[in-house]
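So the structure is just underneath, and the comments pick up after that.
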Amino acid sequence: MTESSRSLVSVKNVDKVFKRGSEEIHVLGGLDLDIPEGEFLALMGPSGSGKSTLLNLIGGLDRPSQGSVEVGGERIDQLSNRRLAAWRARHVGLVFQFYNLMPVLTAQKNVELPLLLTHLSRAERKKRAAIALDIVGLSNRNNHYPRTLSGGEQQRVGIARSIVTDPTLLLCDEPTGDLDRKSGDEILDLLQALNREQGKTIVMVTHDIHAAARATRTLYLNKGRLTTEPEE
Amino acid sequence: MKYLYLLWSNLKRKKMRTTLTLLSIMVAFLLFGYLGAIKQAFSQGIDVAGLDRLIVRHKVSIIQLLPEAYESRIEKIEGVEDAVHQTWFGGVYQKPSNFFAQMPVKPEEYLKMYPEFVLSDEERNAWLNTRSGAVVGRGIADRFGWKLGDRIPINATIWSRKGGERTWEFDLVGIYDGAEKGTDTSQFLFRYDFFNESRQFGEGLVGWYTVRISDPDRAAITAELIDAEFANSPNETKAEPEGAFLQGFANQIGDIGFIMMSIIVAVFFTILLVAGNTMAYAVRERTNELALLKAIGFTDRGVLALVLGESFVLTLLGGGLGLALAWLLVSLGDPSGGSLPVFFIPYSDLAVGIALIAIMAFIAGILPALQAQRLQIADALRR
Amino acid sequence: MAGMFNWISQIVSVTLFNLRTLPQRIGSSTTAIFGIAGVVAVMVGVLSIAQGILRTMENSSSSENVVVLRSGATSEMMSGLSGDDVRFISEGPGLLRQDDEVMASPELFVIINLPIRSTGTDANVPMRGVTRVAGDVHKGFQVVDGRMFEWGLNEVIVGVGALREFAGLEIGSTITVAREEWPVVGIFEASGGIAETEIWVDASVLQPAYRRGNSYQAVYGRLKSPDAFQEFKDALTSDPRLNVKPMREADYHSSQSTVLYNLITGLGTLIAAIMGFGAIFGALNTMYTAVSSRTREIATLRALGFQASPVVISVLSESLLLALLGGAIGASLAWLVFDGFRAATLNFSSFSQVAFAFDVSPALLVRGIVFALIIGLIGGLFPAIRAARQPVSAALREL
Ligand SMILES: Nc1ncnc2c1ncn2[C@@H]1O[C@H](COP(=O)(O)OP(=O)(O)OP(=O)(O)O)[C@@H](O)[C@H]1O
Ligand SMILES: [Mg+2]
């Protein structure tokens, strides 16, 4: 890590414990992670190792049991629920394995969804959603409902939705996990372009070594700790 | 406003379910409006009773007759401005089930006492010039399809004519309208002078008096003075404000209000179950989507508002339609085919209906909405 | 034969299979049940009012009794008969004689104001002046408390219905008639008929109090047998000295209640019909939900070779079961709450009060349950057809 690039994300000494009945599950223990601005980080590791958990902490979807999570200089673990929601709306874009699109809304309206939380006018919202859809190459599918789109197309709508508010940080949880190689590659092309051309910082959880190869750095999560090499 | 689209899209998700729920809510409010009109009908226009009018009747019972001469004696009493008499004719038009009020009255005085009966000058003059003339309310004229100039035979059940003839024929010379919605337009009025000299017996006897007083605040005192005037005479009176008289009459019919209320409560309880259940389903099905909304930055309260909003839109649409339909149905006429003298939904009931819509929307939506508010994103997205 | 058996066993197994999943849909099923219960309870409740009034009128009439009014009069109150009229009527053929007395009771009928117990406002209470044979003519007349009034005295006896509904009619209290105090000396029953709402006095003391001279308003008579009516009627109507209308007592009483009965029945039916629509929507909702939550199961069954009709029948039978439950709950509720509930209302025809008890008759209960089943049938039919029409392949892919 060079001195020149300052950290966008800084996770320090984080524990995460889930309670399931009386049983406690220690998922993360004393975990540290720094992500410099502009990085495309791939996160790998066995199933159940806590990758999604970590991503949720960084995205402000969940809170650590212990330790601190700082993003863009802000201790997001200390924000109230209300302010955390507003923070998410402004600073993070989320991409999911199963897209999580609203089935009742068209592609265009799905992408527009996060903009409802801004003060933008109706026309402006429409325009930005169109631009985002254009970026992901779906400008001709504006009025299609999710169920009429292929998996790859749905994921591209998901990405358009994640970038429409122009966040600095994109968090992708197995974005290609449900796609075939070709569609997956298209999604990865897109993410890479967003990283290179628009300078988005991206954290991507993946099980796919080919996908991880697109990233600028890969970390492995195992038994609650991060390593630079996969453990045997 | 901008969330309305989202809200509407969600309601369209299960069109059938939304429609059916909407229709059940509609039915509830249709019934609410309709029962309001029925209740109103049974209270016989108590709301529009004149505050400055008293009813004076025989103390023993309203069917006992009073002397015609009481009119001038009542008018001399302090606080009384005017008194007119009415008499129950109780005749039958075509068949006994065609029930409506027929009364011999003094035309000018009567119309002055009841300014809410609106009659054109032309028709008024025609009445004054036609001894056998009758004036009827718009409601009853419509019910039997009567037109000006019709000759209407009424069969007496009490008052036969001199010589024992039972059929009275009247010439329809006027049709009055009600100045207010609650005005009784089912009366059949004809001339007392004609009646008095034609009847076989009871000459000079009348049914009861309506009295206009100068100060409504002194109604009780004036009523006492009137009763005192005739105390210890063979025909003692009972005077009371018109509203109290009508209320007493409504009470005689029984506790209609209570029966209507019970039905309404049963209906709303049921519909609440239906709507609440629908909303609960709507939330359970969308756990994922609601969590997503939170993930992309909707606040907990925003999601709560969204679910509650759906409940409001659904109830408002259903309830609004129901009230509108009730309005329409009521304006088509009463279910007994015209024996209720007034039949309309009072504005106060409409206001209550709108308040009920809001309350129902809240109750049906609040539990699912709270559930949506409490949804943990990380948990919900795992499902 | 084997095919038939196979078909029935398919129905049974599909239905059982569906019913097993019922607890999972407890929310919407309960909603449907209670929705239908509410409709049936309200319908049966309102109609039991009309039924109660009808029953009171029936209790008032015995088949060999006649009522004679002046012709043209539609009720006793409007009628008037002179002393001569009464004498001629009493001579009519077919009237029963007991101990040398003709069973013909001339009566006076007036209305007095008495306060309703619950509201304190005045009500039109009927008061009947009777003669000595009245107790033998009117059905089921019987003094149950205190004693009969003394003939010739200003004393009254009060029907149990009147005692219950109006204030100040207990034995020992007095009512004011024609500016005189008349003590209440007894309470009577009349087999649950309309007379129980009345106050009875000696006609000969009521006549002067109301300045009626020797006139009456109606004659109640008892015939030797119900068949004697025609002869009696013909004799009276053809008698040139008389201008009267003889009626069977049952016909008279039912004519008195027609307006009221029709009004309540009309209202009750209308309310039930509107509510019925609401319940049908509720039932449809439940069954569509039930079908759509089982899309996969139904498709699987179809794929395994089950036919469409068992699916239809199983959905229908579920909906009918829910409706039956709802109907039974609603009908029992109505029976528990309303049956025997006592009230009084103004009978428009006689312009006087009639006390009655809500009557939830077995026929009404059956009607309620039949109504529920109709709701269930309609509510289940469309979803059932949809379930059966689903293409198997499409349904399997769903979810
Ligand atoms: N809300 C929760 N309650 C209880 N346990 C949880 C919860 N969330 C996660 N866990 C547990 O924490 C562990 C890590 O879960 P996580 O989803 O982060 O794994 P993952 O690395 O993303 O796995 P995968 O590659 O399969 O997505 C698992 O054992 C999981 O069961
Ligand atoms: Mg994961």
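Lettering follows sequence order; numbering is per chain, from 1.
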Heavy-atom contact with chain B under 4.5 Å, split by part of [X]:
X	answer
C/Val39	neither
C/Thr265	neither
C/Phe34	both
C/Ile49	side chain
C/Ala123	both

- Can B/Phe29 and B/Phe268 be said to form a ring-ring contact (aromatic ring centres under 6.0 Å, His included), step by step? CA-CA 9 Å; B/Phe29 282 89; B/Phe268 277 98; 5.1 Å; yes
- With a 4.5 angstrom heavy-atom cut-off, could you sort out which part of B/Ala156 is near chain C: side chain, backbone, both or neither?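 Answer is backbone: N, CA, C or O of B/Ala156 sit under 4.5 Å from chain C.
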- Mind checking the OH-CD1 spacing from B/Tyr34 to B/Ile263? Nearest 0.5 Å is all I need.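 Between atom OH of B/Tyr34 and atom CD1 of B/Ile263 there are 12.5 Å.
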- Quick one: which residues of residues 323-332 of chain B reach chain C at under 4.5 angstrom, heavy atoms only?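 So no residue qualifies.
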- Quick one: side-chain hydrogen bond (donor to acceptor under 3.5 Å, both in side chains) partners of B/Asn235, sequence neighbours excluded?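 Counting only residues at least two positions away or on another chain, B/Asn235 forms a side-chain hydrogen bond (donor to acceptor under 3.5 Å, both in side chains) with B/His58.
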- Option in C/Gly282, C/Gly72, C/Ser79 with maximal non-hydrogen atom pairs under 4.5 Å from chain B: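 The answer is C/Gly72.
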- Message: Please identify which of these residues, C/Leu206, C/Leu108, C/Ile111, meets the side-chain contact (heavy atoms from CB on, under 4.5 Å) condition with C/Met127.
- Response: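 Only match with C/Met127 under side-chain contact (heavy atoms from CB on, under 4.5 Å): C/Leu206.
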